[in-house]
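Structure record follows, encoded as structure tokens.
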Amino acid sequence: GSDAGLLPPYGAVVLDEAHTVEEAAAQHLGLRLTASGLLRILHRLYHPGRNRGLLVDVSCTAARLEVIDALDKAKLFFAQVQRWLESQPQNPLRYTKPGHVPDLLGAPLEEAHRTVAALIETESDDDRRAELRALNTQLHDYRLRLHDFLSMGLAEHVYWLERHGQNLQHLAINAVP
């Protein structure tokens, strides 16, 4: 019914390890995208530096080229966002204006997704087709979730970007209800 919620109607809630609530909420209730997560998906498809991945075959040239383009654009996008965040006095930084960070990744990720989807249709090996399909689904989901974040398309969510890790070199994009 309309009274349904995540928790039963208690008068109080005690949270153990309350300092981890934001991270747990982002993981389970909202979205958390990382640069390394996208690069991991793309590198499983094709890693240009190692000439490895599912798209290394000559029959995969079109998809491989789109993945290389998406990799290049992803590295540029995340480097630009990282430089912008480094110039900001706070970390994490609330994201409050839809489109403040332009979606430079949507088109390249969609093209990579489209060409991998076409390749899946011609793949005869069941295991390889399943792995390609799983990675392509992850790629598609990442693109949609990034768009939701950048456009602030999720109703009643709080959006923020944060640098983390040693020397704050890693980037995370978060939204929670």
Side-chain angles (χ1 to χ4, degrees), residues 14-56 63-113 116 131-132 134-154 156-177:
V14 176
L15 299 174
D16 189 20
E17 299 292 321
H19 65 280
T20 65
V21 168
E22 276 186 6
E23 184 176 338
Q27 289 175 349
H28 298 287
L29 302 175
L31 68 83
R32 181 174 178 89
L33 303 173
T34 62
S36 60
L38 177 58
L39 295 177
R40 189 175 307 113
I41 295 166
L42 292 169
H43 280 146
R44 284 185 61 198
L45 288 166
Y46 183 70
H47 195 301
R50 297 181 179 156
N51 193 32
R52 290 186 183 218
L54 292 171
L55 304 178
V56 74
R64 183 173 58 249
L65 291 174
E66 293 299 341
V67 166
I68 291 169
D69 183 55
L71 274 164
D72 292 342
K73 299 281 183 1
K75 290 173 185 174
L76 179 65
F77 173 80
F78 287 114
Q80 289 175 338
V81 172
Q82 183 80 336
R83 279 193 300 277
W84 175 64
L85 287 175
E86 288 169 359
S87 72
Q88 303 302 311
Q90 62 272 66
N91 183 45
L93 178 67
R94 287 280 307 269
Y95 187 78
T96 58
K97 182 180 170 194
H100 182 78
V101 173
D103 188 358
L104 304 175
L105 282 179
L109 293 179
E110 178 57 28
E111 282 305 304
H113 174 262
V116 171
E131 190 169 1
L132 282 167
L135 288 169
N136 210 31
T137 298
Q138 291 173 29
L139 187 61
H140 180 70
D141 290 348
Y142 194 102
R143 182 185 64 80
L144 293 177
R145 293 169 71 202
L146 181 63
H147 175 77
D148 285 343
F149 178 89
L150 296 175
S151 67
M152 297 180 73
L154 301 171
E156 299 184 28
H157 277 61
V158 175
Y159 300 83
W160 75 97
L161 299 122
E162 68 180 303
R163 296 179 307 135
H164 60 95
Q166 188 178 29
N167 301 320
L168 302 177
Q169 80 277 18
H170 298 294
L171 173 66
I173 295 169
N174 304 279
V176 294

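By convention here, the first residue in the shown sequence is residue 1. If you're wondering where the values come from, they're calculated on a predicted model, not measured in any experiment.
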Output for pair (Asp148 CG, Leu33 CG), nearest 0.5 Å, gives 9.5 Å

Contacts of Phe78 meeting ring pair (Phe, Tyr, Trp, His ring centres under 6.0 Å) (sequence neighbours excluded), chain-then-number -> none

When you look at Leu146 and Ile173, which way does the side-chain contact (heavy atoms from CB on, under 4.5 Å) test go after all the steps? CA-CA 8 Å; Leu146 181 63; Ile173 295 169; 3.9 Å; yes

Distance-only donor-acceptor hits, side chain of residues 66-76, under 3.5 Å, sequence neighbours excluded:
{"unit_1": "Asp69", "atom_1": "OD1", "unit_2": "Lys73", "atom_2": "NZ", "d": "2.7"}
{"unit_1": "Asp69", "atom_1": "OD2", "unit_2": "Lys73", "atom_2": "NZ", "d": "3.4"}

Here the gap from Arg145 atom CZ to Leu38 atom CG, rounded to the nearest 0.5 Å, amounts to 11.5 Å

Interatomic distance, CG@Leu135 vs CG@Leu42, rounded to 0.5 Å, equals 9.5 Å

When you measure from the side chain of Asn174 to the backbone of Arg32, do you find a donor-acceptor pair of N or O atoms at a distance under 3.5 Å? no

In terms of heavy-atom contacts, Glu162 and Trp160 come closest through OE2-NE1, 3.4 Å

The reported gap from CG in Leu139 to CD1 in Ile41 (rounded to nearest 0.5 angstrom) is 6.5 Å

By ring pair (Phe, Tyr, Trp, His ring centres under 6.0 Å), His164 pairs with (sequence neighbours left out) His170

Leu144 and His140: CA distance, side-chain angles, deciding distance, side-chain contact (heavy atoms from CB on, under 4.5 Å) verdict: CA-CA 6 Å; Leu144 293 177; His140 180 70; 3.3 Å; yes

Side chain to side chain donor-acceptor pair (under 3.5 Å) pairs touching residues 38-51, sequence neighbours excluded, are Arg44-Glu131, Tyr46-Asn51

Tightest non-hydrogen contact, residues His113 and Asn136, listed as O-ND2, 3.1 Å

All N/O donor-acceptor pairs, side-chain side in residues 84-92, below 3.5 Å, sequence neighbours left out:
{"unit_1": "Ser87", "atom_1": "OG", "unit_2": "Trp84", "atom_2": "O", "d": "2.6"}
{"unit_1": "Gln88", "atom_1": "NE2", "unit_2": "Trp84", "atom_2": "O", "d": "3.4"}
{"unit_1": "Asn91", "atom_1": "OD1", "unit_2": "Arg163", "atom_2": "N", "d": "2.8"}
{"unit_1": "Asn91", "atom_1": "ND2", "unit_2": "Arg163", "atom_2": "O", "d": "2.9"}

Residues Phe149 and Tyr159: closest non-hydrogen pair is CD1-CD2, 3.5 Å

Anything under 3.5 Å between a donor and an acceptor, one on a side chain of residues 100-110, the other on a protein residue two or more places apart or in another chain? List them.
{"unit_1": "Asp103", "atom_1": "OD1", "unit_2": "Leu105", "atom_2": "N", "d": "3.3"}
{"unit_1": "Asp103", "atom_1": "OD1", "unit_2": "Gly106", "atom_2": "N", "d": "2.9"}
{"unit_1": "Glu110", "atom_1": "OE1", "unit_2": "Arg143", "atom_2": "NE", "d": "2.9"}
{"unit_1": "Glu110", "atom_1": "OE1", "unit_2": "Arg143", "atom_2": "NH2", "d": "2.9"}

